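Data block below; observations after.
Reminder, nothing fancy here: chain letters follow the sequence lines and each chain counts from 1. Computed from a predicted structure; not experimentally measured.
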Number of protein chains: 2
Amino acid sequence: MPTTRKRPRNAEATRKAIEAAACRHFMARPYDQVGLREIAQEAGVDAALINRYYGSKKGLFETAILPHFSIDILVQGDMSDFGRRVAGLILDPGHKQDFDPNRALLHSISSPEVGPMVAQALNDNAVADLSARIGGAEAGLRAALALAVLTGVDALYRVARLDTLTRADPEALKERLGALLQGLVDAGDPG
Amino acid sequence: MPTTRKRPRNAEATRKAIEAAACRHFMARPYDQVGLREIAQEAGVDAALINRYYGSKKGLFETAILPHFSIDILVQGDMSDFGRRVAGLILDPGHKQDFDPNRALLHSISSPEVGPMVAQALNDNAVADLSARIGGAEAGLRAALALAVLTGVDALYRVARLDTLTRADPEALKERLGALLQGLVDAGDPG
DNA sequence: GCGCGATGTCAACGCATGATGACATAAATC
DNA sequence: GATTTATGTCATCATGCGTTGACATCGCGC
């Protein structure tokens with residue numbers, strides 16, 4: 001029952017509902033394909049209210065989505081296990097979180113409207129966090145590459161649902177992806 | 001001067017012009033953000049003609065874009081050099097080809113309209129080709145992962161233009177990415 | 001309990017898009 | 001050179017979008 005009906009008037013609660021609905025929709029489909037009316041309906045609200053609160057669709061995206069571009073979940077735990085742990089999270093089919101930054105990234109990065117904002121948020125939050133966490137030589141570059149790997153796998157496995165990946169042995173895939181990520185997290189010179 | 005004016009009537013040449021323009025546009029922006037009128041104008045043609053020839057926007061995409069989802073350029077040459085060679089191609093800023101499958105992939109994969117078609121074409125062409133070329137244990141899985149890495153890097157480096165990546169030392173980036181890809185191409189067990 | 005600001009709704013606008021069918025015109029055929 | 005077909009254009013439609021301003025209604029303070 002996603003559409004909440006008959007909420008007592010409460011601006012803050014309404015905002016939360018709108019932003020939660022926005023998260024779900026912007027994560028599931030490209031920015032242009034998400035209509036304000038859908039979000040409004042799921043939040044049990046009229047579409048005009050969204051513009052009243054956030055000024056515009058872009059404003060809603062900015063308020064509801066941008067702050068979630070962090071990788072707190074991923075960097076919690078020790079880094080010696082980073083690869084396998086993150087691979088397990090990404091590949092888990094039952095993995096339902098309220099908001100998946102990677103999916104949202106894929107669905108919004110190509111939009112000229114919000115793409116630049118997303119890129120900057122990703123750079124300032126996720127890359128910076130991971131970079132600081134792993135340290136070592138060329139930490140920023142390695143962190144960005146690790147995120148790129150995650151983004152690519154998400155694109156091909158979760159969004160495109162590439163047959164070769166979905167039908168592969170999950171354990172083997174997890175193993176390969178984990179090793180890939182761990183190799184980036186562990187410092188050392190490339191050669 | 002992209003807009004060609006006053007072409008003698010020739011269906012085949014017109015089709016080529018339309019499809020070339022479509023390639024450029026569908027590579028540069030998301031599927032929904034590309035208008036038939038833009039493509040038509042760049043091809044020096046009326047938008048209605050596109051629907052006449054291809055039935056619909058989706059039909060044009062299918063005819064113009066899908067066949068190009070191959071990685072012929074990448075798999076030419078010996079595989080011992082694959083990583084560095086492909087990394088160089090991807091990262092080269094002056095790298096202007098008529099059509100870049102990776103960019104088109106990113107801009108169309110999330111569209112519910114054409115996304116599934118793209119996924120299947122990618123799977124049947126690119127992944128299959130690369131898989132056959134590299135061979136070894138779990139060749140398909142490794143090929144798909146390599147493409148995922150390329151996709152992710154393209155997303156973050158070329159589309160998002162992540163500061164951390166664009167401002168990194170190009171040689172270091174090429175080195176890291178090359179090693180990543182080469183590790184996937186070279187067979188052997190992960191552990 | 002009344003008024004007034006906060007909260008939310010409604011109808012409508014302007015705009016852009018993909019698609020259609022009627023029309024024009026160049027080119028080929030005889 | 002007339003006719004006919006292939007090629008291309010024009011005006012227009014239906015639709016969906018984000019956005020806006022006028023209106024309704026709830027709820028708190030006096």
- prompt: Any ion pair linking B:Arg158 and B:Asp100 (charged N to carboxylate O, less than 4.0 Å)?
  reply: yes
- prompt: If you look at every strand shown and take non-hydrogen atoms under 4.0 Å, does B:Asp32 touch a base, only sugar-phosphate, or nothing?
  reply: nothing
field: Residue A:Gln120 excluded, over 12 heavy atoms near CD under 6.0 Å
entry: no
query: What is the minimum heavy-atom distance between B:Leu147 and B:Ala126, and which atoms define it?
result: CD1-CB, 3.7 Å
- request: Please state how far atom CZ in B:Arg37 lies from atom P in D:dC13, giving the value in whole angstrom units.
  value: 14 Å
- prompt: Mind checking which nucleotides bracket the chain A contacts on DNA chain C, 5' to 3', with an atom under 4.0 Å from a heavy atom?
  reply: C:dA6 to C:dA12
- request: Please state how far atom CZ in A:Arg29 lies from atom C1' in D:dC17, giving the value in whole angstrom units.
  value: 14 Å
query: Can you tell me how far P of D:dA6 sits from CZ of B:Arg15, to the nearest Å?
result: 14 Å
- prompt: What nucleic acid atoms does A:Tyr53 come within less than 4.0 Å of, heavy atoms only: base, sugar-phosphate, or nothing?
  reply: sugar-phosphate
- request: Using the closest heavy atom to pick a nucleotide of DNA chain C for each, name whichever of B:Arg52 or B:Ser56 lands nearer the 5' end.
  value: B:Ser56
task: Take atom CZ of A:Phe61 and atom P of D:dG18, then tell me their distance rounded to the nearest Å.
output: 14 Å
Nearest listed nucleotide, side chain of B:Arg9, among D:dT7, D:dT19, D:dA24: D:dT7
query: Starting at the 5' end of DNA chain D and moving along, which residue's nearest nucleotide shows up first, A:Lys57 or B:Asp46?
result: B:Asp46
message: Under a 3.5 Å distance rule, please check whether A:Arg142 uses its side chain to pair with a backbone N or O of A:Val185 as donor and acceptor.
response: yes
message: Distance check needed: D:dC17 C1' versus B:Gln33 CD, whole Å only.
response: 12 Å
- prompt: Could you give the CG-to-P distance, from A:Leu49 to D:dG18, as a whole number of Å?
  reply: 15 Å
- request: Please tell me which of the listed nucleotides, D:dG8, D:dC26, D:dC10, lies nearest to the side chain of B:Ala48?
  value: D:dC10
field: Spacing of A:Ile50 atom CD1 relative to D:dG21 atom P, expressed in whole Å
entry: 18 Å
Any donor-acceptor pair under 3.5 Å from B:Lys57 side chain to B:Tyr31 backbone: yes
field: Side-chain donor or acceptor of B:Arg85 paired with backbone N/O of B:Leu74 under 3.5 Å
entry: yes
field: Donor-acceptor contact present, side-chain A:Glu38 to main-chain A:Gly35, <3.5 Å
entry: yes
